[in-house]
A.B. asks: 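Take this structure first; my questions come after.
Only a predicted model underlies this, so the values are computations on that prediction, with no experimental measurement involved.
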Amino acid sequence: MEQHVSKPRSSTVIIGVIAAIIIGFGIVAGIALSLRASTALGYDPAVWKATKTGPDTATLNFSTFPDSHVCHASEGEPQLDWVTYCPSTSFEVPPNSLITVVINQYDSASGLINDYFQHVHGTVGGVMTVNDKPMTQIDADQPAHTFTIQSTPDSTQPMFISVPLLGVADDAPNVVNITGDDGSVNSYPKPNVISFQFRTGAPETYIWHCYVPCGEDRVPPFGFTGAMSTTGFMAGTVTVANY
């Protein structure tokens with residue numbers, strides 16, 4: 001498994017890490033409140049259900065993109081240029097099951113403020129595979145996004161899973177054409193394919209979020225606006241339920 005030695009951090013970076021942690025708690029609280037409200041942040045995306053592959057196994061397949069042409073073309077500006085998970089950030093998985101997640105990651109790296117999220121947390125074996133290579137972490141400047149599940153404050157079934165998604169090279173040529181939901185053909189680089197597994201327990205609803213600050217600002221609140229705080233793009237839920 002690939003290992004990396006963390007570099008010393010300056011006081012400025014440490015302050016940034018602390019700020020990111022505070023912002024993260026704010027995001028959790030905000031999304032948790034939205035779960036109790038009649039309407040969520042942004043709009044209500046369609047539920048993307050894991051495909052059952054056995055009595056206690058299922059697979060969840062989706063993608064991440066540097067824009068929203070594939071999944072949200074009808075939203076118009078500025079959403080059209082937002083980064084997004086596709087086709088949804090409202091995931092549903094069966095209870096008491098082994099879930100295999102496969103992500104086609106088409107976006108380039110934005111990097112992390114909080115290096116905690118460069119590590120794999122909560123997966124089976126504490127590992128992910130990136131293009132079939134087992135890894136436990138990547139460098140802090142390499143993630144394009146994270147896939148992070150966390151419990152609501154009053155959860156009866158605590159869960160925390162976080163996986164960094166390796167970004168493609170900024171200068172990678174576009175070699176993949178994907179038709180958008182408006183019929184347009186959109187070109188992207190060959191994706192990094194990230195996979196991992198986690199286990200579910202009893203039915204419960206969890207917060208889902210990306211912790212790479214890939215919003216439109218790089219000053220406070222450090223890129224956590226726009227797509228980052230909008231359901232269907234970079235915020236949502238994971239529901240463990242029978243179906």
Side-chain angles (χ1 to χ4, degrees), residues 16 19-35 37 39-48 60 62-91 101 103-114 117-118 140-150 161-168 170 178 180-182 184 186-189 191-192 194 206-238:
I21 293 172
I22 294 171
I23 292 166
F25 282 123
I27 291 169
V28 171
I31 298 176
L33 287 172
S34 76
L35 294 177
T39 59
L41 296 170
Y43 65 94
D44 219 6
V47 175
W48 188 243
L60 190 60
F62 48 90
S63 302
T64 61
F65 290 100
D67 55 46
S68 295
H69 291 260
V70 173
C71 292
H72 308 298
S74 62
E75 292 298 303
E77 299 290 351
Q79 289 89 341
L80 193 61
D81 295 323
W82 285 0
V83 293
T84 191
Y85 271 70
C86 184
S88 181
T89 59
S90 178
F91 306 111
V101 179
I103 305 172
N104 289 310
Q105 204 297 106
Y106 292 92
D107 201 2
S108 59
S110 296
L112 293 162
I113 293 175
N114 188 342
F117 292 100
Q118 76 183 89
D141 61 351
Q142 292 182 326
H145 304 289
T146 72
F147 179 94
T148 303
I149 303 172
Q150 55 204 113
I161 297 157
S162 188
V163 176
L165 307 186
L166 182 68
V168 298
D170 288 332
I178 302 176
D181 59 6
D182 62 347
S184 63
N186 306 280
S187 296
Y188 301 99
N192 288 320
I194 295 102
Y206 300 94
I207 295 166
W208 177 89
H209 206 273
C210 169
Y211 276 98
V212 171
C214 44
E216 57 267 28
D217 55 25
R218 299 295 290 184
V219 296
F222 298 103
F224 284 99
T225 58
M228 299 300 295
S229 57
T230 305
T231 55
F233 290 85
M234 287 285 146
T237 58
V238 174

A.B. asks: Checking Y106 against D67: is there a side-chain donor and acceptor pair closer than 3.5 Å?
C.D. replies: no
A.B. asks: P87 and F62: which non-hydrogen atoms are nearest, and at how many Å?
C.D. replies: CD-CB, 4.0 Å
A.B. asks: Of all heavy-atom pairs between V83 and P66, which one has the smallest distance, and what is that distance?
C.D. replies: CG1-O, 3.7 Å
A.B. asks: Look only at the side chain of S88 and the backbone of V47, and say whether a donor-acceptor pair between them is shorter than 3.5 Å.
C.D. replies: no
A.B. asks: Applying ring-ring contact (aromatic ring centres under 6.0 Å, His included), name anything that partners F117, two or more places apart in sequence or on another chain.
C.D. replies: Y211
A.B. asks: Go through the structure and list residues passing side chain to side chain donor-acceptor pair (under 3.5 Å) with S162, not counting sequence neighbours.
C.D. replies: T148
A.B. asks: Rounded at 0.5 Å granularity, tell me how far OG in S110 sits from CG in L165.
C.D. replies: 11.5 Å
A.B. asks: Is there a side-chain contact (heavy atoms from CB on, under 4.5 Å) between F65 and I178? Walk through the geometry before answering.
C.D. replies: CA-CA 11 Å; F65 290 100; I178 302 176; 3.5 Å; yes
A.B. asks: With sequence neighbours left out, what residues match D182 under side chain to side chain donor-acceptor pair (under 3.5 Å)?
C.D. replies: S184
A.B. asks: What I'd like to find out is whether the side chain of V70 reaches to under 4.5 Å of the side chain of Y188, using heavy atoms alone.
C.D. replies: yes
A.B. asks: Sequence neighbours left out, what passes side chain to side chain contact (heavy atoms under 4.5 Å, CB included) with D181? Give chain and number order.
C.D. replies: A73
A.B. asks: Can you list everything that forms a side chain to side chain donor-acceptor pair (under 3.5 Å) with Q105? Sequence neighbours excluded, please.
C.D. replies: T64
A.B. asks: Is a side-chain N or O of T84 found less than 3.5 angstrom from the main chain of A227, in a donor-acceptor match?
C.D. replies: no
A.B. asks: Would you indicate whether the side-chain heavy atoms of P164 and Q142 approach each other to under 4.5 Å?
C.D. replies: no
A.B. asks: Does any N or O in the side chain of D141 come within less than 3.5 Å of the main-chain N or O of G111, such that one atom is a donor and the other an acceptor?
C.D. replies: no
A.B. asks: Check the orientation of W82 and F233. Use parallel for under 30°, tilted for 30 to 60°, and perpendicular for over 60°.
C.D. replies: perpendicular
A.B. asks: Indicate, with yes or no, if the rings of Y85 and W48 have centres closer together than 6.0 Å.
C.D. replies: no
A.B. asks: Does the S229 side chain pair with the main chain of T225, one donor and one acceptor, at a distance under 3.5 Å?
C.D. replies: no
A.B. asks: Determine whether a donor-acceptor pair (N or O, by modelled atom type, separation under 3.5 Å) exists between the side chain of H72 and the backbone of G232.
C.D. replies: yes
A.B. asks: Do Y206 and I161 have side-chain heavy atoms sitting under 4.5 Å apart?
C.D. replies: no
A.B. asks: With heavy-atom distances below 4.5 Å as the criterion, would you say the side chains of Q79 and S68 are in contact?
C.D. replies: no
A.B. asks: Carefully, step by step, assess H69 and L80 under the rule side-chain contact (heavy atoms from CB on, under 4.5 Å).
C.D. replies: CA-CA 6 Å; H69 291 260; L80 193 61; 3.6 Å; yes
A.B. asks: Please walk me through it: do L112 and V212 pass side-chain contact (heavy atoms from CB on, under 4.5 Å)?
C.D. replies: CA-CA 5 Å; L112 293 162; V212 171; 3.7 Å; yes
A.B. asks: Could you pull out all residues at least two apart from S187 that satisfy side chain to side chain contact (heavy atoms under 4.5 Å, CB included)?
C.D. replies: N174, N177
A.B. asks: Check for a donor-acceptor pair, side chain of N192 on one end and backbone N or O of L166 on the other, with a separation under 3.5 Å.
C.D. replies: yes
A.B. asks: Can you name the closest pair of heavy atoms from S108 and A144 and give their distance?
C.D. replies: O-CB, 3.2 Å
A.B. asks: Between CZ of F147 and OG1 of T89, what distance do you get to the nearest 0.5 Å?
C.D. replies: 10.5 Å
A.B. asks: Keeping H209 on the side-chain end and M228 on the backbone end, is there a donor-acceptor pair under 3.5 Å?
C.D. replies: yes
